Amino acid sequence: MHRTNLFILDTSVMLAPFSGKEDKLIEHFPDCPLSFRTQDLFKPFAVDRTYDIAFVSNILEYAKGNDEKLAICRDNLNSLLRSDGVVIATSFMNSSFDDFAKEREIFSSSFDFIEDKARVSPIWEKPVDTYYVYQKK
C-alpha cells in the first residue's frame, strides 16, 4: 500500500512532536496560556504541576496485555490532571474490543469514559475508536 500526503501531511515520529512548533500552536489560542510536557506515562514519576488536558496516543499499543502498565498510566494521568481534567486518547491500532474493555475497566476507578465524544473509524473489520475521551472523576 502506498501512502500519499494528499490528505495527511508528512509527519515524523519524535519524542516531542510539538518541539519547535509551540509558537504556531499558541497563535491559534491567544487568550489561553498553553504549556507542553512530554512524559513516559508507563513509568512512575513525580508531578510538579497539573493540567486541564492530556493528549495520549496508542495506550493499548504500548501496554497491550499488561494490566500493571495500564494502571501506572491511569495513576500518572490522574496525578497530572486537575479536577474534571480530560484525557484525549488516539488509537490507530486495530485492537480487539476485549483490549479496549480492559483499558476502560482499569481506568474506570479514576476516569469516566465519555461515550459521546469518541470518533469511530469504519475502516477496520469492526469499528474502532480513532480517538476517545476520559474525564477525571
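Just the heavy atoms: all of them, side chains too, but no hydrogens, waters or symmetry mates, feed the values below. Quantities reported herein were computed from a predicted structural model and do not represent experimental measurements.
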Original post:
Where do R82 and D52 land on the salt bridge (Lys or Arg N to Asp or Glu O under 4.0 Å) test, with the steps shown first?
Top reply: CA-CA 6 Å; R82 293 183 179 127; D52 297 314; 3.0 Å; yes
Subject >> Stepwise side-chain contact (heavy atoms from CB on, under 4.5 Å) test for V56 and L77 >> reply: CA-CA 10 Å; V56 298; L77 287 167; 4.1 Å; yes
Original post:
Which is it for I72 and K43 under the side-chain contact (heavy atoms from CB on, under 4.5 Å) test, yes or no, and what are the steps along the way?
Top reply: CA-CA 7 Å; I72 291 169; K43 295 178 184 171; 5.6 Å; no
Original post:
Would Y134 and I114 satisfy side-chain contact (heavy atoms from CB on, under 4.5 Å), going step by step from the backbone distance to the final call?
Top reply: CA-CA 6 Å; Y134 290 111; I114 309 301; over 6 Å; no
Original post:
Which is it for L41 and L80 under the side-chain contact (heavy atoms from CB on, under 4.5 Å) test, yes or no, and what are the steps along the way?
Top reply: CA-CA 10 Å; L41 295 173; L80 275 174; 3.9 Å; yes
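Nearest heavy atom pair, residue E103 against residue L70, reads CA-CD1, 4.0 Å. For the residue pair S79 and T50, the shortest heavy atom distance occurs at O-CG2, 3.6 Å. Taking every heavy atom of both residues into account, P44 and N76 meet most closely at CA-OD1, 4.0 Å. Shortest non-hydrogen contact noted between I59 and A89 is CD1-CB, 4.2 Å. In terms of heavy atoms, D112 sits closest to K137 at OD1-CE, 3.0 Å.
R104 forms a cation-pi arrangement with F113, by the criterion of a distance under 6.0 Å to the ring centre and an angle within 45° of the ring axis.
Looking at R74, its side chain never comes within 3.5 Å of a backbone N or O of S110 through a donor-acceptor pair. The backbone N or O of V86 lies less than 3.5 Å from no partner atom in the side chain of Q135, so there is not a single donor-acceptor pair.
Ring pair F107/F111 is tilted by interplanar angle, where 30° to 60° counts as tilted.
In this structure, C73 SG and Q39 CD are separated by 11.0 Å, a value rounded to the nearest 0.5 Å.
Inter-residue side-chain proximity for Y51 and R49 is flagged as met; some heavy-atom pair is nearer than 4.5 Å.
Enclosure of atom OH in Y62 is not indicated, since only 12 or fewer non-hydrogen atoms of other residues, nucleotides or ligands lie within 6.0 angstrom.
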